[in-house]
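For reference, positions follow the sequence shown, starting with 1.
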Amino acid sequence: MMRALYSSVAGLRTHQTKMDVLGNNISNVNTVGFKSSRVTFSTMMYQTLTGASGPNGTSGGINAKQIGLGVSYAATSMDIETGGASENTGKAFDLKISDKNTTSFFIVNTGTENVFTRAGAFYVDSSGTLCMESTGYQVMGWQVDENGNINKNTVSPLRIMSAENQTSQPEFTTRGKCSGILDDNSPNVNSDTGYNMSLNFYDNLGYAYNAKFAIQKTGDKGEYTVNLLDIIDANGKSMVTQYGQKLGNLFGSGSQGSHVDVTNSYTIASGKSNALKKLALTPKPGTEDGTFNLTYNYSSELINQCMGSKLPSGLTIEYVIPTDENGTYTKDETTGMIEGTTVRVRDSSGADVTDTYASQPQFAVLFGGTVDDTGAVTPPDEFTNMYQKITAMDIAQKWVDLNQLEKSTRVDPNPGEDKITHYKLNSSQIDQLKSTFPTLGFDGLTTDNIELQVNGEDNTISFAAVGDDTQAAVDILNSIEDGGAVRTYTLNDYMNQAYLTIDAAQANGLDIFTSQLPEDLEIRFVEGDGSFKIVTPSEDGFKLSFSTADGTLNYIGQNGNTTQTLKLSLMATEENPFTDIQIDFSALKNLANGGTSTAGLVNGNGSGEGTGKKVGTMIGLSVDSSGMVFASYSNGNTSLVGQIPVARFANASGLESIGDNCFRSTMNSGDFDGIGEEINSDGSTINAGTLEMSNVDLATEFTQMITTQRGYQANSRVISTSDSILEELVNLKR
């Protein structure tokens, strides 16, 4: 009887233990990474009343007679291989291990030992170390060596936000790309200021700069030039002037640039206008010792406008006037000509082409030469000036050609002259004759005493006196008939429209402008109105040539070239290192685009190479499926800052749970080697932004709870029944 009581008591104990395990499982149903456990029972010892006997010749064998003494608690086994459900959190350092073939664990350190967990709820503490949210235990991982490679020799606290990786190193720009469309009809392309573009780039230390360029149409169809205008730092200061460089040295072939107007980029300092004029009119030393000169420059367009010539555009006429050191020159009292002057015609590259144009019949007279009946040209011995001869007949012919004359209404007293058309001169035409020929006594001329006559048979033109034969009219006719109504214009007459050049370095020395100018910029001062213009030199820039068949680039600079170098290394110093930038123009096209140009410059080759970057600050951290931890930076860089390895054991179920979702290795689980393994070595992965939930199955737990309750209840019934039997036994005494 006593055996039944003790067996039931053992049954109560073991079922209570199982209930404790079930309660623990259910209480941790929402614990991150929790692994459920189960209880295994085993029978206790048996009391043998009689042993077993074997069969003999007359009877069979008899089994042993045994009575069990109850149940015992055999083991608690943890279901560590079954993964829990996934919970998406979106947090970068909520990590879930997805096992493929073996069970893996994160490695964390308590401060005294390495332990293991499946709970991947991590955060970065104030020292930049990855830690468990619940305990603060440091996550152990592999560090990155100085070459950016993972060092797998041992695990150590994963400090992913160290001082070293808070910033990303800058990269200097080595490439540039110019693409888009140049339209011949674009207003900017055909303007003095050109079509402007900017290239942003970085130096070796990550400082940002802006190189300003301009493209101008400078020739026939498909011919342009591209010029460097300046290089500006982040504070708006010119790096070209700061390093004493010239635009033509940094970006130029020496002869292919155009004169881009950059006046609007500079401001004359207050009160410096007179200083600029004085500098312009300061004579420069001549080629001979003790000589000085002033050089007035005329564009071919100005000469054509003033002298009626048709010189090609883009030429510059230099009018060199000898002076003393004070800028005083000598004039001939009879002719009014400045003595000792010389003239030179230069093309856009600065080459002297005076002989070329003086030897052409259409320009010979302009240079003081002569042309005979055969068209042969005899140029002057010396090119001292340029000339335009104007006669009264030239002026009259112009009026006729432009239909600027008013027919006279007076009756012709000579009937035989009916083929002649009489024209009345208006007051402005009379004034033009007076101002053009001031020495011929035309002061008395009025609209009442002279007219213009055109013979319809041979279109000959003549001046005639009308009304009273006034002396003024007679004098005019005599002057015209004698060839005296001739006016010769020279460069002297247009000096107030020509410009004098000012050395930019001298202007910088006098602080004439509010900011320093690159030394090879050309300042053009016009004495007549005191205006000035600042232009780039012809040495700055390259020729762009496009195919007229399909608009693609033929070359830049010379045949075979589609790239040119911005030679920033000329500005390099130990304090401010610069690197040359290769600019690719091959994608630039010359096409009709509705009068709009879209050309532009970008740093890099268009595929991300050679772009350059500023210093980057860390803006984010991420973990990939292999446990690699990457830092993202504001400059677009991504850097590897560590890797999270995992621990694996021969018998993961043999790990000892030490609370706080952590396990410790035991002799039955196998030891941790102190290094760990890559998560993907067996195909497993780490999922960022996801947590592993408990693997507790409530349906199973509730079912187990029911059977446990029934077992406990049945054991208690055995005890109560045994108690009743004992009570009956005691009652036998009565």
Side-chain angles (χ1 to χ4, degrees), residues 163-180 194-215 226-252 260 262 264-267 514-519 521 536 540-541 563-585 587-588 598-620 631-639:
E164 293 78 12
N165 58 29
Q166 288 293 305
T167 58
S168 175
Q169 279 292 104
E171 298 176 13
F172 53 81
T173 303
T174 59
R175 301 283 187 87
K177 187 177 183 66
C178 183
S179 58
Y195 176 84
N196 287 261
M197 306 181 299
S198 294
L199 174 66
N200 297 315
F201 66 92
Y202 300 94
D203 70 5
N204 302 34
L205 299 179
Y207 291 104
Y209 303 91
N210 180 268
K212 298 181 179 296
F213 294 84
I215 296 179
V226 56
N227 301 269
L228 175 66
L229 306 185
D230 207 346
I231 299 175
I232 306 299
D233 67 9
N235 297 317
K237 294 182 179 179
S238 170
M239 300 303 292
V240 179
T241 57
Q242 181 175 336
Y243 288 94
Q245 279 299 324
K246 295 182 177 180
L247 297 170
N249 293 340
L250 297 172
F251 190 78
V260 180
V262 294
N264 290 337
S265 298
Y266 302 95
T267 303
T514 56
S515 60
Q516 297 285 289
L517 278 62
E519 291 186 359
L521 285 180
T536 58
D540 166 35
T563 64
Q564 287 296 342
T565 303
L566 182 59
K567 300 174 183 175
L568 299 177
S569 58
L570 295 176
M571 299 195 302
T573 65
E574 186 175 345
E575 293 79 15
N576 286 85
F578 289 92
T579 301
D580 290 345
I581 299 177
Q582 294 284 342
I583 304 177
D584 181 7
F585 289 83
L588 191 61
T598 62
L601 284 161
V602 295
N603 50 342
N605 64 352
S607 301
E609 296 180 7
T611 303
K613 296 175 182 178
K614 62 182 179 181
V615 174
T617 56
M618 186 184 292
I619 58 174
S632 300
Y633 298 91
S634 59
N635 62 1
N637 278 352
T638 300
S639 177

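Residues satisfying the side-chain contact (heavy atoms from CB on, under 4.5 Å) test with Q169, not counting sequence neighbours, are none. With sequence neighbours excluded, the residues satisfying side-chain contact (heavy atoms from CB on, under 4.5 Å) with S179 are A587. Judged as a side-chain contact (heavy atoms from CB on, under 4.5 Å), and not counting sequence neighbours, the contacts of S265 are V262. Here Y209 pairs with F201, F578 under the ring-ring contact (aromatic ring centres under 6.0 Å, His included) rule; sequence neighbours left out. Taking the side-chain contact (heavy atoms from CB on, under 4.5 Å) definition, one finds that T563 meets it with Q582, D584, sequence neighbours left out.
Between the T617 side chain and the S634 main chain, no donor and acceptor come within less than 3.5 Å of each other. Under a 3.5 Å cut-off, the side chain of Y202 and the backbone N or O of P170 do not form any donor-acceptor pair. Between the side chain of N235 and the backbone N or O of K237 there is no donor-acceptor pair closer than 3.5 Å. Looking at T579, its side chain never comes within 3.5 Å of a backbone N or O of T174 through a donor-acceptor pair. Using a distance-only test at 3.5 Å, with no hydrogens or angles considered, a donor-acceptor pair links the side chain of N196 to the main chain of G194.
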Show which side-chain atoms of residues 607-615 pair as donor or acceptor with protein atoms under 3.5 Å away, not counting sequence neighbours.
residue, atom, partner, partner atom, Å
E609, OE1, N605, ND2, 3.3
T611, OG1, G608, O, 3.3
K613, NZ, N637, OD1, 2.4

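K212 contributes atom NZ, which lies 11.5 Å from atom CD1 of I231 (distance to the nearest 0.5 angstrom). The distance from the CG atom of N635 to the CD atom of E171 is 7.0 Å, given to the nearest 0.5 Å. Here the OG1 atom belonging to T173 is positioned 9.5 Å from the CG atom belonging to N204, to the nearest 0.5 angstrom. Here the straight-line distance linking atom OG of S238 with atom CG of L247 works out to 7.5 Å at 0.5 Å rounding. Atom CG in L199 sits 10.0 Å away from atom CG in L228 (nearest 0.5 Å). A distance of 11.5 Å separates OG1 in T536 from CG in D230, rounded to the nearest 0.5 Å.
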Open item on the list: One pair to check against side chain to side chain contact (heavy atoms under 4.5 Å, CB included): L570 and Y243. What are the steps and the verdict?
Closed with: CA-CA 9 Å; L570 295 176; Y243 288 94; over 6 Å; no
Task: Candidate pair Y207 and D233, rule side chain to side chain contact (heavy atoms under 4.5 Å, CB included), full reasoning - done: CA-CA 8 Å; Y207 291 104; D233 67 9; over 6 Å; no
TODO: Starting from the C-alpha separation in whole Å, work towards a yes-or-no answer on side chain to side chain contact (heavy atoms under 4.5 Å, CB included) for L568 and F172.
DONE: CA-CA 11 Å; L568 299 177; F172 53 81; over 6 Å; no
TODO: Would you sort out whether D580 and T565 count as a side chain to side chain donor-acceptor pair (under 3.5 Å), showing the intermediate values?
DONE: CA-CA 7 Å; D580 290 345; T565 303; 5.9 Å; no
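Between M618 and A631, the closest heavy-atom pair is CE-CB, 3.7 Å. Contact between G176 and I581 at its shortest, heavy atoms only, is N-CG2, 3.8 Å. What you find for I215 and M197 is that their closest heavy atoms are CD1-CE, 3.6 Å.
At least one side-chain heavy atom of L250 sits under 4.5 Å from a side-chain heavy atom of M571.
Heavy-atom contacts from other residues, nucleotides or ligands closer than 6.0 Å to OH of Y633 number more than 12.
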